[in-house]
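All residue numbers refer to positions in the sequence shown, counting from 1.
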Amino acid sequence: MMLAFDLDRDDAPQQRRPAPADGPGCFGEAADHRSQRILYAARGWIAEQDGMTTDGRSLLLLHAQRTPPDRREALVRCFERVLLHAPRLELPALAASLRQAGLSVDEGLSVMGAPAGEVRAAVQGLGRFRSFPPGLRLSRVSPDEDDDAIREIQELQAESGHAPLPGWMLRGGEGRSLTLALRDGRGALVGCTTLCVLTRPEPAEAGREALSQLGLLGAPPLWISDVGEAPSWTGMPICTCLREDHRGRGLGAPLQAAALQEGHERFGIRWFYALVRSGDEIAKRMNARCGLAPHRAEGFLLATAGPPERPRRHAEARRGSG
């Protein structure tokens, strides 16, 4: 199997400044820039595939244990940065298969999640006890946000240890994401967070319902407390981060909570997932305050076509998910 898109991958400009609002708005290191350009060029094709989606910086291959090994390998070699989702019991064999194909595998991710009812209850409770200090203002990034504002968010993401998101995803991902920016009284950025919708907005074919991309593997019934069937919309908070002088003040949870609440209201999300580093207790506590709990049925691997990704920053510098 071989995939190719209308993109000269070797000619990707290795720069940090985002493209104009009508382009992908790539940002980061050379490998980030290349993956983001590939995903942007392939976004129409990805939208037509069952079990695939993207957050703009990685391809997400869902229920990857069902995908033939040669197709998995081809997807990683094409997109270069792929998150593979599978039942936890399937992950060791999946990792071994990828490594045997000469690919790099990162197994250090944990999944947290909850149905929307539990998240809403936690968010409402959090709102009663925690609000932003006077002088801080929260706003949504618009589809026509200027390049300087987008670059400011991307720089904060990178400085906080996250793989940065491309501009087109920060501006709304063509209807599949929302980004909130937290600013001080002078208008300077102090925090940001993004929520991505991980389900297809429209049915793939007439008469077919849009499939839930996650939550289909039958987690324990007691854990899924208010969902009688597979959720129709799934969302994932990513890149929740704060400027260094605002960390350690308890602002991360209400910042992410605002995105979860707005995502539920805007997209009708019924299930939330978050990916955190297995040893990142700060991110785990923040997500727990938002109502998310460790998921015992499903997990993710990160596969890359090049050398293993180096840590972008020490975990103590991070305040968020993904």
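For Arg43, the CZ atom sits in a packed shell: over 12 heavy atoms of surrounding residues, nucleotides or ligands are nearer than 6.0 Å. Applying the 6.0 Å contact sphere to CD of Glu265 captures more than 12 heavy atoms from other residues, nucleotides or ligands.
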When you look at Phe79 and Ile46, which way does the side chain to side chain contact (heavy atoms under 4.5 Å, CB included) test go after all the steps? CA-CA 11 Å; Phe79 293 101; Ile46 293 170; 4.0 Å; yes
Q) Given the rule in the side chain to side chain contact (heavy atoms under 4.5 Å, CB included) test, do His264 and Phe272 qualify, once you have shown the distances and angles that lead to the verdict? A) CA-CA 9 Å; His264 175 73; Phe272 292 97; 4.1 Å; yes
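Here Ser110 pairs with Ser278 under the side chain to side chain donor-acceptor pair (under 3.5 Å) rule; sequence neighbours left out. The side chain to side chain contact (heavy atoms under 4.5 Å, CB included) test applied to Pro69 returns Arg72, Ser97, not counting sequence neighbours. Applying the side chain to side chain contact (heavy atoms under 4.5 Å, CB included) criterion to Pro134, with sequence neighbours excluded, gives no partner residue.
In this structure, Asp106 does not pair ionically with Arg81, as no charged nitrogen and carboxylate oxygen lie closer than 4.0 Å. Glu107 has a carboxylate O that lies under 4.0 Å from a charged side-chain N of Arg99, or vice versa, which qualifies the two as a salt bridge.
Cys192 pairs in a side chain to side chain contact (heavy atoms under 4.5 Å, CB included) with only one of the listed residues (Gln157, Arg183, His162), which is Gln157.
Using a distance-only test at 3.5 Å, with no hydrogens or angles considered, a donor-acceptor pair links the side chain of Gln154 to the main chain of Leu165. Using a distance-only test at 3.5 Å, with no hydrogens or angles considered, a donor-acceptor pair links the side chain of His85 to the main chain of His63. Judged purely by atom type and a 3.5 angstrom limit, Glu80 has no side-chain atom pairing as donor or acceptor with the backbone of Gly306. In this structure, the side chain of Arg57 does not engage the main chain of Asp32 through any donor-acceptor pair within 3.5 Å.
Atom-to-atom distance recorded for Arg34:CZ and Leu39:CG is 12.0 Å, nearest 0.5 angstrom. Between the CZ atom in Arg176 and the CE atom in Met169 there is a gap of 7.5 Å [rounded to 0.5 Å]. The structure places CG of Asp55 at 11.5 Å from CG of Leu195, a figure rounded to the nearest 0.5 Å. One finds the NE2 atom of His33 at 4.5 Å from the SG atom of Cys26 (value rounded to the nearest 0.5 Å).
Using a 4.5 Å cut-off on side-chain heavy atoms (C-beta onward), Leu83 and Leu109 make contact. Inter-residue side-chain proximity for Gln36 and Tyr40 is flagged as unmet; no heavy-atom pair is nearer than 4.5 Å. Side-chain atoms of Cys239 and Ile153, non-hydrogen and from C-beta on, never get closer than 4.5 Å to each other. Residues Phe132 and Leu255 form a side-chain contact, since some pair of their non-hydrogen atoms from C-beta on lies under 4.5 Å apart. For the pair Leu242 and Arg249, the minimum side-chain heavy-atom distance is 4.5 Å or more. A heavy-atom distance below 4.5 Å is not found between the side chains of Arg247 and Ile282. Side-chain atoms of Glu152 and Leu189, non-hydrogen and from C-beta on, do get closer than 4.5 Å to each other. Side-chain contact between Leu170 and Glu145 is absent, with no heavy atoms from C-beta onward closer than 4.5 Å.
Shortest non-hydrogen contact noted between Ala305 and Leu103 is CA-CD2, 4.1 Å. Nearest heavy atom pair, residue Ile150 against residue Gly167, reads CG2-CA, 3.8 Å.
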